[in-house]
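Encoded as structure tokens, the structure appears first; notes follow it.
Naming: A, B, ... by sequence-line order, numbering from 1 per chain.
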There are 2 protein chains.
Amino acid sequence: MDQKTTIYDIAKKLDITAATVSRALNNNPKISEATRKLVLETAAKMNYKQNRLAQSLRSGKSNNVGVIVPRIDVNFFSSVIRGIEEELHPEGYHVIICQTHEDEKREIENITTLMNAQVDGILMSISNMSKENDPVIKHVVDKNVPLIFFDRKKKMDGVSSVTIDDFEGGYLATKNLIDAGCTRIAHFSGDRSLEIYENRFKGYEQALKDFGLEWNPDYVIQTKSNVDAGRNAVTKLLSLPNPPNAIFSSSDFAALGAIQELKENGIKIPEDFCVFGFGNEPFTRFLELSISSVDQSPLEMGRMAAKVFLEQISNTDNIKIEKKVVLKPELQIRKSSTR
Amino acid sequence: MDQKTTIYDIAKKLDITAATVSRALNNNPKISEATRKLVLETAAKMNYKQNRLAQSLRSGKSNNVGVIVPRIDVNFFSSVIRGIEEELHPEGYHVIICQTHEDEKREIENITTLMNAQVDGILMSISNMSKENDPVIKHVVDKNVPLIFFDRKKKMDGVSSVTIDDFEGGYLATKNLIDAGCTRIAHFSGDRSLEIYENRFKGYEQALKDFGLEWNPDYVIQTKSNVDAGRNAVTKLLSLPNPPNAIFSSSDFAALGAIQELKENGIKIPEDFCVFGFGNEPFTRFLELSISSVDQSPLEMGRMAAKVFLEQISNTDNIKIEKKVVLKPELQIRKSSTR
DNA sequence: CTGTTAGCGCTTTCAC
DNA sequence: GTGAAAGCGCTAACAG
């Protein structure tokens, strides 16, 4: 039987009106205990299922939130999503997943279709800093749909964000290398037009300055977040007249590549060379030469982003809240930087 | 401006009827080019956005599918989801994520709320074999909502599934160990009430039989899928009067734990002991002693599951299709089993 | 080719 | 406490 039972069906059976049924189902206070009980019972008996679509259309609330990430099969993002889902599930929200593959066209498209689907909020990590998506983001804000950036954000009025303190992460990681006795510290930066990478770089720079280490532009290399990029960058570094003896990498994957290449060049880690990563990817602690890394507490970040959304959605005043949450990064110090 | 423009607004402005606007917007063939163009233009000018909720209520199609997994922050599952999303996105579907944490209560609850949300289909990997969820699954099938199991499935009428050939995976992995010269091969099985683990076990058993190796019940240990479980299981194995010299583990994590424990006991891998994992988790290839593993092609599995859904949804006849797709497992042979 | 009408399933005033 | 009626935004059948 493909038939749906509606509140009308149960109203008819009980010879009352659909409105009453609706009220009973929604625990409306002004309804007699007797009818409520009766309605609930027959609803169960008739296997009645609420149609949330109709409810949503009526109320203007879909009880869905959209989450937009570059790709879902990256541990950091899937962990954030897990945090979001766990926080929002008890509140009756469903999480809709969208991937951008770092493509702003798809980012824009995703935002648009989510808006068309009447999501109650959008949580996203932006792909890059192109201005192209500004209008559509502005549109979301204008429509009073809560928008929360996590990790990779953009400065925009009316948009809240949850990030970690990347500057401090970079600073502390670099300081750890300095404490380990490293004197010539290189840095693998990501795309520095993104705040997160720029801030990690700045933290690195500040630590060098604070501890009186020389700042060498040749030591800063922009890499992608993958193993090969790390290997190539190391090759470049080793060809310098005065090669470094440590790397703070903005990416765990690049850090791994660096370690592989260093080993192949007969360089001993951590004795002769230390490496610090960023992201605390699961593999960093599984390696025999475990990699020190900055943890971004993605689960917490997801939970927090969800909480900010819930706050925003329950804000009945017409005031726009713009909340900036900054989580503390936590160092995971492992073998690659311990001596 | 929080105002939504509806087709009525644009109808009024153009002094035509909403139905015409709707038709123009939906590229209905019987509409004049002139009006279509006019409508499209003013729609754009008025910043009209389609309300998919209303459309859905009307059509009975939400354009959402639900995906239920134990947890999303496991590489296998997030990769499957990526595959699903990538296949379904071009078709205009959104993917709603639900996690069960291996808890059948939550599994049932998730199915129910997804049904209430009028999803057009459900793709899921079941948590365990308890019969508790049978009625609600049956309900999905009865309502003619396509249901597709991936990886962890249950035998149920009217439900399609996409899995890999776990038997063959187990068989080939074991054969690889035998080919490497291992003679006493142990097996870490998961919860064998789940088909996937039972089949991996059977493949292992068959390979032993086919190649004339002794079958020893003490060599088969049920482990959870984590590092510590693997360590403990090895401890047990090493205390046997005649310990094994190889392990085929149904879990990469347990395989890793096994390797760690073996090393600490001074056992050389792969020289004295070989290990084969299952799942091809990213870390298996990053380790210096890389771990051989059976790849489950999760991306492909997700794509396939999505395709089966699309097939099912476009099936206008009232015939129930039940499609069973079985993907070939692929061995990734690495250092831990090569000598 | 376009207008009229009805209705998807639900909630929410406004009466009584 | 309950009923009547309207409407969320859209589409499809039926006319013309």
Review point. When you check the phosphate oxygens OP1 and OP2 of C:dT2, does a side-chain N or O of B:T17 lie under 4.0 Å from one of them?
Key: no
Point to revise | Between C1' of C:dC10 and CG of B:L57, the distance in whole Å | key: 8 Å
Review point. Hey, which of these two, B:I16 or A:T6, hits DNA chain C nearer its 5' end, going by closest nucleotide?
Key: B:I16
Review point. Think B:S56 has a side-chain N or O under 4.0 angstrom from the OP1 or OP2 of D:dC10?
Key: no
Point to revise | Proximal nucleotide (of C:dC10, C:dC1, D:dC8) relative to the B:S32 side chain | key: C:dC1
Check your understanding: Could you state the CZ-P distance from A:R23 to D:dT2, rounded to the nearest angstrom?
Key -> 9 Å
Review point. Atom OH of B:Y8 to atom C1' of C:dT5: distance rounded to whole Å?
Key: 10 Å
Review point. Between C:dC10 and A:S22, is there an OP1 or OP2 to side-chain N/O distance shorter than 4.0 Å?
Key: no
**Study point:** Between B:E86 and A:H101, a side-chain donor and acceptor under 3.5 Å
**Key:** yes
Check your understanding: Does one side chain, of A:S32 or A:T35, offer a donor that lies under 3.5 Å from an acceptor on the other?
Key -> yes
Exercise for review: When you get a sec, tell me which of C:dC10, D:dA4, D:dT2 is the closest nucleotide to the side chain of A:I31?
Suggested key: D:dT2
Check your understanding: How close or far is atom C1' of C:dC1 from atom CG of B:N27, stated in whole angstroms?
Key -> 16 Å
Review point. Which one, D:dA4, D:dA13, C:dG9, comes nearest to the side chain of A:A54?
Key: C:dG9
Check your understanding: So, does the side chain of B:R52 form a donor-acceptor pair with the base of D:dG9 at under 3.5 Å?
Key -> no
